[in-house]
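Report on the structure given below.
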Amino acid sequence: MRVLANQVYSQVPIHSEYGGVVPEIAARAHLEKIDPIVRLALDEAGLTLDGVDQIAFTRGPGLLGPLLVGASFARALGRSIGKPVVGVNHLEGHLASAFLQDPALEPPFLCLVVSGGHTEFVQVDPGLAYTVIGKTRDDAAGEAFDKCGKVLGLGYPAGPILAQLAASGKRDFVPLPRALDQRDNFEFSFSGLKTAMLRYVESKPAEFIRNNLSHICASVESAIVDILVKKSINALFDTKMQTITVVGGVSANGYLRIRMEAEAKKRGFRALFPAPLYCGDNGAMIAAIGQWRANHGLVQSEVGVTPSLRWH
Ligand code: KG4
Ligand code: ZN
């Protein structure tokens with residue numbers, strides 16, 4: 001599997017003004033950009049539509065408006081060129097970003113999805129059979145980064161900004177909670193962290209927060225990364241898997257990558273991360289899962305939009 005083009009039109013600058021995604025604006029931006037972005041991708045790949053064998057699109061989960069735009073466009077395009085159209089799950093797309101990194105990767109393996117909307121462990125068995133073995137009870141890890149960053153007055157999304165500030169900070173500056181820390185618990189809870197952060201910020205003068213921003217960011221990043229790494233190692237032992245793939249926007253986090261790789265290696269496990277380019281939402285991962293399914297005879301005929309959490 002080889003990526004010929006990966007064009008991403010980020011809506012972050014549009015939504016950051018509102019401090020979060022505005023569904024109506026997202027749907028309109030999808031409608032405006034989908035045609036030009038597909039043209040740009042074809043240009044980058046040096047292809048015309050004749051060279052396309054299959055079209056994959058995101059079926060869900062997500063916001064219904066943008067999903068409908070993608071589904072309608074993909075279906076119309078597929079019909080016009082007489083090629084199959086495959087609807088795939090967004091999380092399965094993130095999972096496939098690991099196949100882009102290592103095309104020889106085959107199930108079984110464990111996958112940790114850490115994005116803005118999801119934080120879950122998925123056991124991936126041959127035939128792409130998925131078993132969710134644990135997920136967050138409240139906020140996702142990306143949401144925890146974003147909400148703590150918002151409390152600290154960082155922009156949106158705060159995750160990457162907070163990570164950058166954390167690089168030079170003291171990691172034990174603020175004592176912060178690590179929830180559900182038991183060995184055999186594969187669920188997460190990040191809402192307590194956000195509340196603890198809010199209390200901490202309210203209890204200190206603004207100048208103190210400003211002067212110690214990098215230390216506070218490093219403490220938040222460690223609280224999130226510690227629990228992700230610890231539970232991942234326990235889940236590897238528990239499921240008897242050899243490999244964990246870590247995917248989704250938060251997998252771009254440098255500290256998470258270093259810590260996870262080191263702790264896994266120490267115990268004889270393998271931790272596999274996608275290239276940073278394929279960690280956040282992107283089209284290549286959606287094409288990749290469509291291709292992987294086709295290669296393994298697992299293509300579905302269903303092309304509807306389902307904003308559900310079903311894993312396939
Ligand atoms: O997968 P993604 O692009 O979109 C969703 O499907 O949610 O993930 C976006 C999330 C945001 O919460 C963002 O703050 C977080 O990923 N993120 C990071 C980093 N880069 C993106 N969090 C921590 N460190 C980063 N370097
Ligand atoms: Zn995503």
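For ligands, and for the atoms within them, numbers begin at 1 and follow the listed sequence. Counting begins at 1 with the first residue of the sequence. Heavy-atom basis, side chains included; hydrogens, waters and symmetry copies ignored.
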Trace of the ring-ring contact (aromatic ring centres under 6.0 Å, His included) decision for Phe269 with Phe237
CA-CA 9 Å; Phe269 297 120; Phe237 277 117; 5.0 Å; yes
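The shortest N or O to N or O distance between Gly249 and ligand 1 is under 3.5 Å. Distances between N or O atoms of Gly142 and those of ligand 1 include at least one value under 3.5 Å.
The nearest non-hydrogen atom to atom 4 (O) of ligand 1, considering only Asp281, Leu162, Val247, comes from Asp281.
In terms of distance to the Zn ion (ligand 2), the nearest N, O or S atom of Asp281 is named OD1. His90 contributes atom NE2 as its closest N/O/S atom to the Zn ion (ligand 2).
Rounding to the nearest 0.5 angstrom, the gap separating the OG1 atom in Thr48 from the CZ atom in Arg39 is 12.5 Å. One finds the CE atom of Met260 at 11.5 Å from the CG atom of Leu272 (value rounded to the nearest 0.5 Å). The NE2 atom of His30 sits 5.5 Å away from atom CD of Gln11, with the distance rounded to the nearest 0.5 Å.
Atom numbering of ligand 1 starts at 1 in the shown order; those under 4.0 Å from a heavy atom of Gly116 are 5 (C), 7 (O), 8 (O), 9 (C), 10 (C), 12 (O). The contact set between ligand 1 and Pro157, taken as ligand atoms under 4.0 Å from a residue heavy atom, comprises 14 (O). Here is the list of ligand 1 atoms found below 4.0 Å of a heavy atom in Asp146: 11 (C), 12 (O), 13 (C), 14 (O).
For His90, the closest heavy-atom approach to ligand 1 falls below 4.0 Å. Heavy-atom separations between His118 and ligand 1 are all 4.0 Å or longer.
In this structure, Lys135 is not positioned above the aromatic face of Phe121 in the sense of NZ or CZ being under 6.0 Å from the six-membered ring centre and within 45° of the axis. Remark: Lys170 is not positioned above the aromatic ring of Phe173, lacking an NZ or CZ atom under 6.0 angstrom from the ring centre and at most 45 degrees off the axis.
Hydrophobic clustering keeps Val8 apart from Val88 (ILVMFWY residues linked when any side-chain heavy atoms are closer than 4.5 Å, directly or through intermediates).
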